[in-house]
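The next block holds one structure in the form of structure tokens; read it before the comments.
Atoms within each ligand, like the ligands themselves, are counted from 1 in listed order.
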Amino acid sequence: MSRELFEAARHAMKYAHAPYSKFPVGAAIRADDGKVYTGANIENLSFPQGWCAEPTAIGCMIMGGGRKIVEMAVIAEKLALCPPCGGCRQKIAEFAGPETRIYLCDDGGVQKTLTMDELLPFAFKTESLG
Ligand SMILES: O=c1ccn([C@H]2C[C@H](O)[C@@H](CO)O2)c(=O)[nH]1
Ligand SMILES: [Zn+2]
């Protein structure tokens, strides 16, 4: 199953708009509706206005009717793995559970698997609101 998600993330990466960093990233989500939603990073000449691959995929999931992330794959074109940035961790956590698996991939496939809880320990949760 994670192989299919890896392939989807790798395909999504081709749609990246990353002329400034030249660091294309792809993400793929298997959602609770059984569908796979994908995204790529979309940069902007006004640098802070660009965004990561993960929120593109999350936006597609929400608009497509998915509500929960069952598992997610992330891949970067460069050889190094792409652990989701801090902001993305918070965005993923909104739609994931502590055991949701996140696959960090390179061109060879899934290289590292992390749970949401490992990716964002001691997260800001509803209980934190008091
Ligand atoms: O979790 C991450 C981290 C970075 N990027 C993108 C943002 C930017 O376009 C490029 C270089 O930082 O990588 C992602 O898509 N996801
Ligand atoms: Zn990010």
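Listed for the R30 side chain is no donor-acceptor partner under 3.5 Å among the backbone atoms of K35. Judged by distance alone, with hydrogens and angles left aside, the side-chain atoms of E118 form a donor-acceptor pair with the main-chain N or O of T115 at under 3.5 Å. Y37 places a side-chain N or O within donor-acceptor distance of the main-chain N or O of G64, the cut-off being under 3.5 Å.
In plain terms, the two heavy atoms of K91 and P55 that are nearest each other are CD-CB, 4.0 Å.
For the Zn ion (ligand 2), the set of protein N/O/S atoms nearer than 2.8 Å consists of C52 SG, C85 SG, C88 SG, ordered by chain and number.
Among protein heavy atoms, atom 6 (C) of ligand 1 sits closest to N41 ND2, 3.5 Å. Atom 9 (O) of ligand 1 has as its closest protein heavy atom E43 OE2, 2.5 Å. For atom 15 (O) of ligand 1, the closest non-hydrogen atom on the protein side is A53 N, 2.8 Å. The nearest protein atom to atom 12 (O) of ligand 1, hydrogens excluded, is given as F23 CD2, 4.7 Å; this is a heavy-atom distance. Summary of contacts: the protein heavy atom closest to atom 16 (N) of ligand 1 is E54 OE1, 2.9 Å.
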Working note: L81 + D106, criterion side-chain contact (heavy atoms from CB on, under 4.5 Å); need CA distance, chi angles, decisive distance, verdict.
CA-CA 6 Å; L81 297 181; D106 65 15; 4.1 Å; yes
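For D117, the salt bridge (charged side-chain N to carboxylate O under 4.0 Å, His left out) criterion is met by no residue, not counting sequence neighbours. Scored by the salt bridge (charged side-chain N to carboxylate O under 4.0 Å, His left out) test, R89 finds no partners at all (sequence neighbours excluded).
Remark: ligand 1 and V25 share no N or O pair separated by less than 3.5 Å (distance only, no angle test).
Contact atoms of ligand 1 toward S21: 10 (C), 11 (C) (distance under 4.0 Å to a heavy atom of the residue).
With a 4.0 Å heavy-atom cut-off, ligand 1 is reached by the backbone of C52 and by its side chain too.
I29 and L120 fall within a single hydrophobic cluster, where Ile, Leu, Val, Met, Phe, Trp and Tyr are joined by side-chain heavy atoms under 4.5 Å apart, directly or via other members.
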Listed pairs under 3.5 Å, donor-acceptor, residues 15-26 side chains, sequence neighbours left out:
{"from": "S21", "atom 1": "OG", "to": "F23", "atom 2": "N", "distance (Å)": "3.1"}
{"from": "S21", "atom 1": "OG", "to": "E43", "atom 2": "OE2", "distance (Å)": "2.5"}
{"from": "K22", "atom 1": "NZ", "to": "P19", "atom 2": "O", "distance (Å)": "2.9"}

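Proximity of P84 to ligand 1 is established by a heavy-atom distance of less than 4.0 Å.
Distance check, rounded to the nearest 0.5 Å: SG of C82 to CD of E77 gives 12.0 Å.
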